[in-house]
Structures are given as C-alpha cells and as structure tokens.
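Note that the structure is predicted; figures quoted are calculated from it, not measured. The chain is numbered in sequence order, starting from 1.
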Amino acid sequence: MPSRSTLLLTAEAMLFVVAVGASAATSQAEDWSPPGLVLILLGLTLVSDALAVRHRSQRISGSFLGLVLAMALLGPAPAVAIGVVSTLVDHVRARLPLPKLITNLATYATFPLVGALLIERLTAIRDLESDDVSFALVVFGAFMVANFLNFAMIAGDYVFHQGDSFARQFRTIFVPVLPSGVVSALLTVSVAVLYREVGLAALALFALVLVVFQYLLRALLLSQRRAEELAAMQLGVLTSLVETL
C-alpha cells in the first residue's frame, strides 16, 4: 500500500495537471495580449523571486504581486504559466528535491487559476470596464484569497510531513506578514487600476512596488526577530536570577 506521503504527492501532481488543463480551457488567445505585458510581468516576477526572504520554514517572495497582476490584467492561462515558469526557474537555482518541486508546482498553478477565475467571474457579473472602484475591490479580494490559498497549500504540505500544527504556522508565519500583505495588495490594486488608464507605463510603478514590498517585508521580519531575541534574552536573565536566588 502506498505511504501517506506518496498519496499526497500523487494528489498534488494531479492537482497541478488539472489546474494547467483548467487554465487552458478557460482562457482565450487575447488573454496573451499585449505580449509585452506578459514578458514584463514574467521578468519582474523572476527578479523578485530571486530576492525572496526566508522566514522560518517559508520562503516569501514579491513574485506573488506579479502573479496577481497577471490574474487581473491577463487571464488564467498567462497567470498560471508565469507561476509555473517561476517555480521551475527557482528549482534550477535552488535544486529543490522532487517532492518539494511537485508541491510548489501544484501551488503556483492553483492559486493563480483560482484568483484569475474569481476576477473573471466577478467582472462578468458586473461590467467593470469603467468602474475603477469596483474593479479595485475585486482585485483586492482576489489578492487576499490567493494569498491565503498560497500559504495554506505550502504550510499544509509542511505540516503534513513535519507533524507541526497548522494553527501555529498560521500564527507565526502568516499573521506577522499580514500587514505588509495588505499594503502590498493596495499597491498592486493601484498598479492594476493605473494600467487601465496609461498602459505599460504603469509597470514602472509596479517595479517600485516590488522594491517597497521587499523592504517592508525585510524590515517587518527583522523587527519580529529582534523582538524574539530580546524576549529570549530577558527570559534567560530572569532564569539566571531565579537560579541564583
């Protein structure tokens, strides 16, 4: 009988295949237009992914912002393609083990698909071509949904293999970076709305958004790490004092 790990990897591989197939089935040729937008988002996503920040068991990258823009401005297939390519490039650079690669491929094919379809369906319900406020709310909601799904899939796989608690992962990893995530969502929404007005020139702002995101994230995690170190030092001093008394 296959082990639990083998069954999980098989399920993740099947999920990846289904997500890729669904993205192709729900997309149209015009989703890849303009080609310059696809190439720029792919390039910025790869660059941001190379500057990822590692926090405990998670690796956090600004590439997520590029994927959300692909969801909002292109469609399911381009967003999934960018996610898969970025995962494969990261695999070449980091030499990840095969199980980790399968998990990442399933994750970076699934949440872009879900986010893009969510935006498409909500857009179809109401004409958002000239309604920037509603469009912004839709993109913001898709950002937050995709962000949680991304975390849940990666953290869930880690919890499954390491026997950790998902609640602890959520509390120690997702919650601390949530404020920077909300700020990043607002910045990404601003770029998406601006793109509808000025076109590719808005991506210059996106490059700045990526820089701001990386800075905020590093500063936030550094602050948290220093707070933990200070708490540990204070505990050590109190323990020594108690032992001395």
Could you state the interatomic distance from CG (Leu73) to CG (Asp31), rounded to the nearest 0.5 Å?
11.5 Å
Test of understanding: clusters of I, L, V, M, F, W, Y form through side-chain heavy atoms closer than 4.5 Å, transitively. Do Leu39 and Val89 belong to the same one?
no
Residues that Leu42 engages under side-chain contact (heavy atoms from CB on, under 4.5 Å), provided they are two or more places apart:
Leu46, Ile82, Val85
Do the side chains of Leu9 and Tyr158 join up, straight or via other hydrophobic residues, at under 4.5 Å, putting them in one cluster?
no
Only distances under 3.5 Å count here; give the side-chain donor-acceptor pairs of residues 13-21 to other protein atoms, sequence neighbours excluded, each with its distance to 0.1 Å.
none

Between the main-chain N or O of Ala24 and the side-chain N or O of Ser27, is there a donor-acceptor pair closer than 3.5 Å?
no
Over all heavy atoms of both residues, which pair between Phe166 and Ala155 is shortest? Give the atoms and the distance, please.
CE1-CB, 4.0 Å
With a 4.5 Å cut-off on side-chain heavy-atom distances among I, L, V, M, F, W and Y, is there a chain of contacts connecting Val145 to Val139?
yes
Roughly how far apart are Ile154 CD1 and Leu149 CG, rounded to 0.5 Å?
10.0 Å
To the nearest 0.5 angstrom, please state how far the CG atom of Leu8 sits from the CG atom of Asp157.
5.5 Å
Verify side chain to side chain contact (heavy atoms under 4.5 Å, CB included) between Val84 and Tyr108, making sure each step is shown before the conclusion.
CA-CA 6 Å; Val84 170; Tyr108 277 78; 5.8 Å; no
Residues two or more places apart in sequence or in another chain: which of them pass side-chain contact (heavy atoms from CB on, under 4.5 Å) with Phe170?
Phe148, Phe151, Phe174, Val175
Glu12: which residues meet the side chain to side chain donor-acceptor pair (under 3.5 Å) condition with it, sequence neighbours left out?
Thr103
Determine, using the 4.5 Å side-chain heavy-atom cutoff (strictly less than), whether Tyr195 and Leu137 are members of one ILVMFWY cluster.
no
Residue pair Leu186, Phe140: steps toward the side chain to side chain contact (heavy atoms under 4.5 Å, CB included) verdict
CA-CA 7 Å; Leu186 295 174; Phe140 181 85; 3.9 Å; yes
How long is the gap from CZ on Arg196 to CZ on Phe135, to the nearest 0.5 Å?
4.5 Å
Residues at least two apart in sequence or cross-chain that pass side-chain contact (heavy atoms from CB on, under 4.5 Å) with Ala136, listed by chain then number, are Val189, Val193
Looking only at heavy atoms, which two atoms of Ala77 and Ser23 are closest? And how far apart?
CB-O, 3.7 Å
Could you tell me whether the side chain of Phe64 reaches within less than 4.5 Å of the side chain of Thr188, counting heavy atoms only?
no
From Thr45 atom OG1 to Leu69 atom CG, the distance as rounded to the nearest 0.5 Å
8.5 Å
Side-chain touch Arg168/Ile173, heavy atoms, less than 4.5 angstrom
no
Do you know which two heavy atoms are closest between Ala81 and Trp32, and how far apart they sit?
CB-CH2, 3.8 Å
Minimum heavy-atom distance Leu113-Pro76, with the two atoms named:
CD1-CB, 4.0 Å
4.5 Å side-chain heavy-atom contact, Met153 and Phe111:
no
Taken to the nearest 0.5 Å, the spacing of Leu178 CG from Ser184 OG works out to 10.5 Å
So which atom in Gly115 and which in Met71 form the shortest heavy-atom distance, rounded to 0.1 Å?
CA-SD, 3.6 Å
Could you check whether any side-chain heavy atom of Ile102 comes within less than 4.5 Å of a side-chain heavy atom of Pro99, counting everything from C-beta outward?
no
Do Phe143 and Leu67 land in one hydrophobic cluster if side-chain heavy atoms of ILVMFWY residues count as linked below 4.5 Å?
yes
Would you please name every residue forming a side-chain contact (heavy atoms from CB on, under 4.5 Å) with Leu101, sequence neighbours left out?
Thr87, Leu88, His91, Leu98, Leu105
To check you understand the geometry: which heavy-atom pair defines the closest contact between Thr26 and Ala22, and what is its length?
OG1-O, 2.7 Å
